[in-house]
Amino acid sequence: MVQKLDVIVIGAGVVGAACAWRLASAGLKVMVLDRQAPGSGASQAALGVLGFHARPQMPAAFDHLCRQSRRFYPAIVDELREVTGQAPDYRSCGQLSVALNEGDLAQLEEDYLANVAQGVQVERPTPEECQLLAPGLNRQVCGALFLPDDAWVDNTTLTLTIVRAAEQAGAAFQREEVQEVIKKSGRVSGVRVSGELWPAGWVVIAAGCWSGQMAGGPPLPVQPVRGQALMVAGQPIRRIVMSPRGYLVPKGDRQTMIGATVERVGFAGANTLGGIREIAEAGLEIAPNLRRNEFLGAWTGLRPGTPDNLPFIGPFGEWPNLIAATGHFRNGILLAPITAAMVRSVITGEMPPTDLEPFSPDRIVSRRN
Ligand SMILES: Cc1cc2nc3c(=O)[nH]c(=O)nc-3n(C[C@H](O)[C@H](O)[C@H](O)COP(=O)(O)OP(=O)(O)OC[C@H]3O[C@@H](n4cnc5c(N)ncnc54)[C@H](O)[C@@H]3O)c2cc1C
């Protein structure tokens with residue numbers, strides 16, 4: 001018989017690990033269950049951009065969430081270094097968003113206005129200034145936005161360091177598949193693992209794109225969205241540069257990542273030639289000199305997508321001790337710190353760092369029941 005835990009977290013990606021860290025630090029007895037090694041899902045496939053770009057079509061509450069979470073990062077990196085003696089590579093490098101044709105320019109103008117309306121610090125460098133900001137950039141760049149507050153983190157090391165910090169705070173990680181969420185009298189009593197009930201006072205669903213697949217769980221409409229990315233040796237451009245078709249991200253001091261496709265193809269997780277061509281072309285369009293760089297490899301990840309592109313964070317009205325921490329789509333690395341703080345506030349009764357209502361799973365789940 002497994003002893004009753006305060007909290008079971010399902011999933012040891014960046015989101016589940018961050019929740020476990022914050023909950024264990026609050027003195028709770030926490031167990032994280034993952035059928036794979038920690039950090040094996042989308043969290044290892046990400047490119048680590050901590051970017052916030054206001055978009056006219058996204059609600060202001062989401063913009064606020066992203067900005068707040070990005071602000072947490074420097075302190076979190078310091079805290080990880082202090083607690084574990086290690087820290088992920090973190091660079092406050094800014095991001096250049098470029099236009100390469102008339103259509104891109106119109107989009108850029110809309111984005112500029114949305115950023116200004118949200119009070120985001122954004123600059124509009126001329127094409128000549130772009131060449132100084134990012135030598136090696138395509139000379140056809142005809143407009144750009146520079147977002148100086150954007151940053152980059154090595155997401156693989158980040159997730160594993162958070163796991164270590166969570167363990168040091170007392171959380172346990174076990175390699176087990178959760179087969180079912182067990183409910184009894186309007187509450188969740190625990191989860192089923194290898195046919196056995198593991199009881200817990202709270203259950204947090206942080207199972208990435210698999211969050212809607214769990215038997216007994218609520219019908220969370222989280223869908224996998226495949227992202228393909230590739231890596232080349234060298235750094236023809238030493239800055240994060242985005243175009244509407246793809247982006248370049250320097251990794252450390254010697255490599256460049258190019259991302260990423262956005263494909264709704266179910267749980268198919270393999271690279272495809274078409275996908276690799278799409279991102280290679282997007283990268284070459286940004287930095288034509290890339291064609292000489294050695295190809296080091298490609299990978300994919302399944303992002304947790306939601307119908308409105310907003311994450312699900314918070315308790316379910318019908319099962320108040322079951323909490324969603326999922327559906328972070330393209331921003332899970334960026335949003336893990338604030339998600340963990342929000343989940344902790346629900347469980348401990350602390351003041352939440354931001355309003356939970358816009359991200360409540362009930363905005364969609366209760367309507368579908
Ligand atoms: C190519 C690509 C580039 C990206 N770039 C960025 C970026 O630059 N910046 C950014 O912020 N985000 C980025 N993302 C998005 C980011 O990777 C995700 O939003 C984030 O990793 C989601 O984390 P997670 O912990 O929710 O899910 P995951 O990391 O997928 O973890 C979920 C875990 O749950 C486990 N699990 C599932 N079901 C069960 C079960 N029944 N029992 C036990 N365990 C279970 C899985 O094994 C997995 O380990 C990118 C994604 C991709 C694919």
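Start at 1 and go down the list; that is how both ligands and their atoms are numbered.
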Ligand 1 to [X] polar contact by distance, N or O atoms, under 3.5 Å:
{"X": "Gln36", "answer": "yes"}
{"X": "Val15", "answer": "yes"}
{"X": "Ser43", "answer": "yes"}
{"X": "Leu334", "answer": "yes"}
{"X": "Ile333", "answer": "yes"}
{"X": "Trp210", "answer": "no"}
{"X": "Cys209", "answer": "no"}
{"X": "Asp34", "answer": "yes"}

Under a 4.0 angstrom heavy-atom cut-off, which atoms of ligand 1 come close to [X]?
{"X": "Gly48", "result": "7 (C), 8 (O)"}
{"X": "Arg303", "result": "51 (C), 52 (C), 53 (C)"}
{"X": "Glu176", "result": "43 (C)"}
{"X": "Leu33", "result": "43 (C), 44 (N)"}
{"X": "Asn331", "result": "10 (C), 11 (O), 12 (N)"}
{"X": "Met214", "result": "41 (N)"}
{"X": "Val14", "result": "23 (O), 25 (O)"}
{"X": "Ala45", "result": "1 (C), 2 (C), 3 (C)"}

**Study point:** Shortest non-hydrogen separation from Leu47 to Ala229 and the atoms involved
**Key:**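 Closest pair (atom of Leu47, atom of Ala229, distance): CD1-CB, 3.7 Å.
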For [atom], what is the closest protein heavy atom, and at what distance to 0.1 Å?
{"atom": "atom 15 (C) of ligand 1", "value": "Phe329 O, 3.1 Å"}
{"atom": "atom 7 (C) of ligand 1", "value": "Val49 N, 3.6 Å"}
{"atom": "atom 36 (N) of ligand 1", "value": "Ala207 CB, 4.1 Å"}
{"atom": "atom 20 (C) of ligand 1", "value": "Gly332 CA, 3.7 Å"}
{"atom": "atom 28 (P) of ligand 1", "value": "Ala42 N, 3.6 Å"}
{"atom": "atom 4 (C) of ligand 1", "value": "Ala46 CA, 3.3 Å"}
{"atom": "atom 13 (C) of ligand 1", "value": "Arg330 O, 3.2 Å"}
{"atom": "atom 31 (O) of ligand 1", "value": "Gly13 CA, 3.5 Å"}

Review point. Considering only heavy atoms, does Asn155 approach ligand 1 within less than 4.0 Å through its side chain, its backbone, both, or neither?
Key: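 The answer is neither.
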Review point. Donor-acceptor pair, Asn321 side chain versus Gly201 backbone, under 3.5 Å?
Key: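 Flag set: sc Asn321 to bb Gly201 pair under 3.5 Å.
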Review point. With hydrophobic residues grouped by side-chain heavy-atom distances under 4.5 Å, do Met342 and Leu28 end up in a single group?
Key: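 Result: yes, single cluster for both.
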Review point. Are Val232 and Ile240 co-members of a hydrophobic cluster defined by side-chain heavy atoms under 4.5 Å apart?
Key: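 No, it is not one cluster - the side chains of Ile240 and Val232 are not joined through contacts under 4.5 Å.
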Practice item. Tell me yes or no: between the side chains of Lys29 and Gln3, is some donor less than 3.5 Å from an acceptor? Key: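 The answer is yes; a qualifying pair exists.
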Review point. Any side-chain donor-acceptor pair under 3.5 Å between Gln86 and Arg164?
Key: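 Their side chains do contain a donor-acceptor pair, which is all the 3.5 Å distance test asks for.
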Review point. Does NZ or CZ of Arg124 come closer than 6.0 Å to the centre of the six-membered ring of Phe146, within 45° of the ring's axis?
Key: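 Checked: cation-pi criterion not met.
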Exercise for review: Take atom CD of Gln57 as the centre, draw a 6.0 Å sphere, and report whether it contains more than 12 heavy atoms from other residues, nucleotides or ligands.
Suggested key: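 More than 12 heavy atoms, drawn from other residues, nucleotides or ligands, come within 6.0 Å of this atom.
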Do the non-hydrogen side-chain atoms of [X] and [Y] ever get within less than 4.5 Å of each other?
{"X": "Trp210", "Y": "Arg35", "value": "yes"}
{"X": "Asp104", "Y": "Arg245", "value": "yes"}
{"X": "Ile364", "Y": "Pro307", "value": "yes"}

Point to revise | Nearest candidate to atom 41 (N) of ligand 1, where distance is taken over non-hydrogen atoms, out of Thr300, Val9, Val32, Val178 | key: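 Minimum heavy-atom distance to atom 41 (N) of ligand 1 goes to Val178.
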Salt bridge flag under 4.0 Å for residues [X] and [Y]:
{"X": "Asp149", "Y": "Arg71", "value": "no"}
{"X": "Asp89", "Y": "Lys251", "value": "no"}
{"X": "Arg226", "Y": "Glu278", "value": "no"}
{"X": "Asp253", "Y": "Arg91", "value": "yes"}

